[in-house]
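Order of listing sets the numbers, starting from 1, for every ligand and every atom in it.
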Amino acid sequence: YAAKEAGEPFRWYDPELDRSAGEDARIGAELRTALDAGHLRLVYQPIVELPTGRLIAVEALVRWHHPERGLISPAEFVPVAERDGTIVELGAWILHEACRQAAIWRTGDDTDAPQRVSVNVSARQLARPGFAETVRAALTGNGLPAAALTIEVTETAVFEGGRSLETLHTLNEMGVRIALDDFGTGHSSLTLLQTVPAHALKVDKSFVDHVTAGGRPAVIAATLIKVADGLGMAAVAEGVETAEQAAELHRLGYQLAQGYYFGRPAENPVVVRQRQPAAIPGK
Ligand code: C2E
Ligand code: MG
Ligand code: MG
Ligand code: MG
């Protein structure tokens, strides 16, 4: 596998189109086979400190290397896996694999290696009884401290029902960090802040995209950092693609960012815009 992703994963059909139940079932069955065959891999995208670009953590993102169709985006197969329940098995593997890799990075010799990992969790996984135990097993099985793991959840996942909220409280008590993903795009984002014991907001790319243009998205981005600060939470600006965006976000008070500008998801993630610490005169 290449160290860096060249671009967007290939799409073999339009995810906006309605698919038949038969097609879902076929993809679900193929996914299980892919998991067994080792065709699913995780890539990791840097989450960096502003303005230095120092690596703070990585987000694990799943990839499907299909032998005939090539690279398939999680935006395509995760929703299918969610509908047919395959996500439970898939998600447990993703958690275990991300914790395994993080433990290797933490115990290795490379002091620049990521020390923390974020894992995306979908609605159905979170709603199931036993999810907290799945997380605990992934941590203890790999010797990873709970504080090195962040679970990323969306509003949809939290309000799915089942055990979701209860599980988030259990994870919090275990010392696992919780991040609210795609923050600001849901219907009741502010309610989330009242009900979920979250440590971080991931401010959605749709606000970051227009942050340098002024207007409403810029005002929202400027306000969300204040909300995070006021609540004692971290805020991560998602989808930063330009130096101008990074500079503006820093000016607004953001201390953490993620996006192609700093580094694409890769099996061995590297920060491509890292500022060397200034040389100390006389040393
Ligand atoms: P997400 O969790 O919000 O992840 C961020 C997505 O934005 C990733 O897409 C990432 O590659 C992309 N991205 C990051 N920086 C930039 C940028 O600067 N520009 C642009 N255009 N895109 C950027 P990806 O990997 O295709 O994942 C899409 C979504 O699929 C994720 O959104 C997440 O909701 C879901 N997903 C990915 N991996 C997993 C997983 O392991 N489990 C679950 N349940 N869902 C996953
Ligand atoms: Mg995420
Ligand atoms: Mg996100
Ligand atoms: Mg997103």
Side-chain angles (χ1 to χ4, degrees), residues 4-11 15 31 34-35 40-48 57-65 71-83 85-99 101 117-128 131 134-135 138 149-158 160 177-186 189 198 200-211 224 235-246 249 256-267 269 271-273:
K4 266 198 215 171
E5 291 199 328
E8 302 294 325
F10 171 75
R11 290 182 185 280
L31 259 175
L35 187 58
L40 294 177
R41 308 285 295 233
L42 295 187
V43 286
Y44 301 88
Q45 185 176 31
I47 297 173
V48 305
V58 289
E59 178 176 1
L61 297 159
V62 66
R63 297 289 179 265
W64 181 1
H65 295 265
L71 188 59
I72 303 171
S73 162
E76 271 187 69
F77 66 86
V78 168
V80 179
E82 173 88 353
R83 282 195 292 273
T86 318
I87 194 68
V88 172
E89 208 178 317
L90 203 70
W93 175 81
I94 290 167
L95 260 168
H96 178 83
E97 180 59 19
C99 290
Q101 181 60 71
V117 68
S118 265
V119 176
N120 293 285
V121 169
S122 28
R124 193 136 166 192
Q125 272 178 285
L126 190 66
R128 258 174 86 93
F131 179 69
T134 302
V135 174
L149 177 68
T150 298
I151 293 295
E152 294 195 7
V153 296
T154 60
E155 186 179 314
T156 324
V158 174
E160 169 83 0
R177 293 171 58 90
I178 296 159
L180 303 176
D181 206 355
D182 303 337
F183 192 81
T185 59
S189 300
L201 297 186
K202 297 197 75 177
V203 174
D204 192 70
K205 183 178 187 304
S206 55
F207 306 112
V208 171
D209 280 345
H210 306 286
V211 77
L224 288 180
V236 182
E238 289 195 288
V240 177
E241 293 182 340
T242 69
E244 292 70 27
Q245 288 168 353
L249 289 160
L256 295 170
Q258 179 179 356
Y260 293 169
Y261 177 69
F262 293 104
R264 286 184 181 262
E267 293 203 7
V271 179
V272 293
R273 315 282 169 156

What part of Pro265, side chain, backbone, both or neither, has a heavy atom within less than 4.0 angstrom of ligand 1? side chain
Which atom name does Glu152 have for its N/O/S atom nearest to the Mg ion (ligand 2)? OE1
Using heavy-atom distances, let me know which of Glu76, Gln125, Glu241, Gln245 sits nearest atom 20 (C) of ligand 1. Glu241
Select the closest option to atom 18 (O) of ligand 1 among Tyr260, Phe262, Trp93, judged by heavy-atom distance. Tyr260
For Phe207 and Val203, which heavy atoms make the closest approach, and how far apart are they? CD1-CG1, 4.0 Å
Val62 neighbourhood, listing ligand 1 atoms whose heavy-atom distance to it stays under 4.0 Å: 38 (N), 39 (C), 40 (C), 41 (O)
Minimum heavy-atom separation for Gln125 and Val88, please, with both atom names. CG-CA, 4.4 Å
Decide, counting backbone as well as side-chain atoms, whether Glu59 has an N, O or S atom less than 2.8 Å from the Mg ion (ligand 3). no
Check contact between Lys205 and ligand 1, using heavy atoms of the residue and a distance below 4.0 angstrom. yes
Any non-hydrogen atom of Arg63 lying under 4.0 Å from ligand 1? yes
Decide whether the shortest distance between a heavy atom of Glu238 and an atom of ligand 1 is less than 4.0 Å. yes
State whether the side chain of Ser73 and the backbone N or O of Ala75 hold a donor-acceptor pair below 3.5 Å, judged by distance alone. yes
Note: Thr154, heavy atoms under 4.0 Å from ligand 1, region reported as neither
Taking all heavy atoms of Thr156 and all of Ala123, pick out the closest pair and write down the distance. O-CB, 4.2 Å
Proximal ligand 1 atoms for Ser122, defined as those under 4.0 Å from one of its heavy atoms: 44 (N)
Could you tell me the angle subtended at the Mg ion (ligand 3) by OD1 of Asp181 and OD1 of Asp182, rounded to 10°? 90°
Decide whether the shortest distance between a heavy atom of Gly91 and an atom of ligand 1 is less than 4.0 Å. no
Would you kindly check if the NZ (Lys) or CZ (Arg) of Arg264 is within the cone defined by 45 degrees around the ring axis of Tyr260 and under 6.0 Å from the six-membered ring centre? yes
Determine the minimum heavy-atom distance between Gly263 and Val272, stating which atoms define it. N-CG2, 4.2 Å
For Val236, which of Glu59, Gln258, Glu152 qualifies under side-chain contact (heavy atoms from CB on, under 4.5 Å)? Gln258
Region of Gln45 that comes within reach of ligand 1 [heavy atoms, distance under 4.0 Å]: side chain
Side chains of Pro269 and Gln45: does their closest heavy-atom pair fall under 4.5 Å? no
Heavy-atom nearest option to atom 43 (C) of ligand 1, drawn from Asp182, Val208, Leu40, Asn120: Asn120
Which atom name would you report as the N, O or S atom of Glu238 nearest the Mg ion (ligand 3)? OE2
So which heavy atom on Val43 is nearest to which on Pro265, and how close? CG2-CB, 3.6 Å
Any nitrogen or oxygen of Asp181, main chain or side chain, under 3.5 Å from a nitrogen or oxygen of ligand 1? yes
Check for a donor-acceptor pair, side chain of Arg63 on one end and backbone N or O of Arg41 on the other, with a separation under 3.5 Å. no
Taking all heavy atoms of Ile47 and all of Ser118, pick out the closest pair and write down the distance. CD1-OG, 4.4 Å
Is there a polar contact between ligand 1 and Val121, counting only N or O atoms under 3.5 Å apart? no
The Mg ion (ligand 2) contact by Ser118, N, O or S atom under 2.8 Å: no
Is it the case that the side chain of Gln101 and the backbone of Glu97 share a donor-acceptor pair, with hydrogens and angles ignored and the cut-off at 3.5 Å? no
Is there a side-chain contact between Leu95 and Ile151 (heavy atoms, below 4.5 Å)? yes
Closest to atom 35 (C) of ligand 1 (heavy atoms only, candidates Pro79, Gly239, Ser118, Pro74) is Pro74
Which segment of Ile94 sits under 4.0 Å of ligand 1 when only heavy atoms are counted: side chain
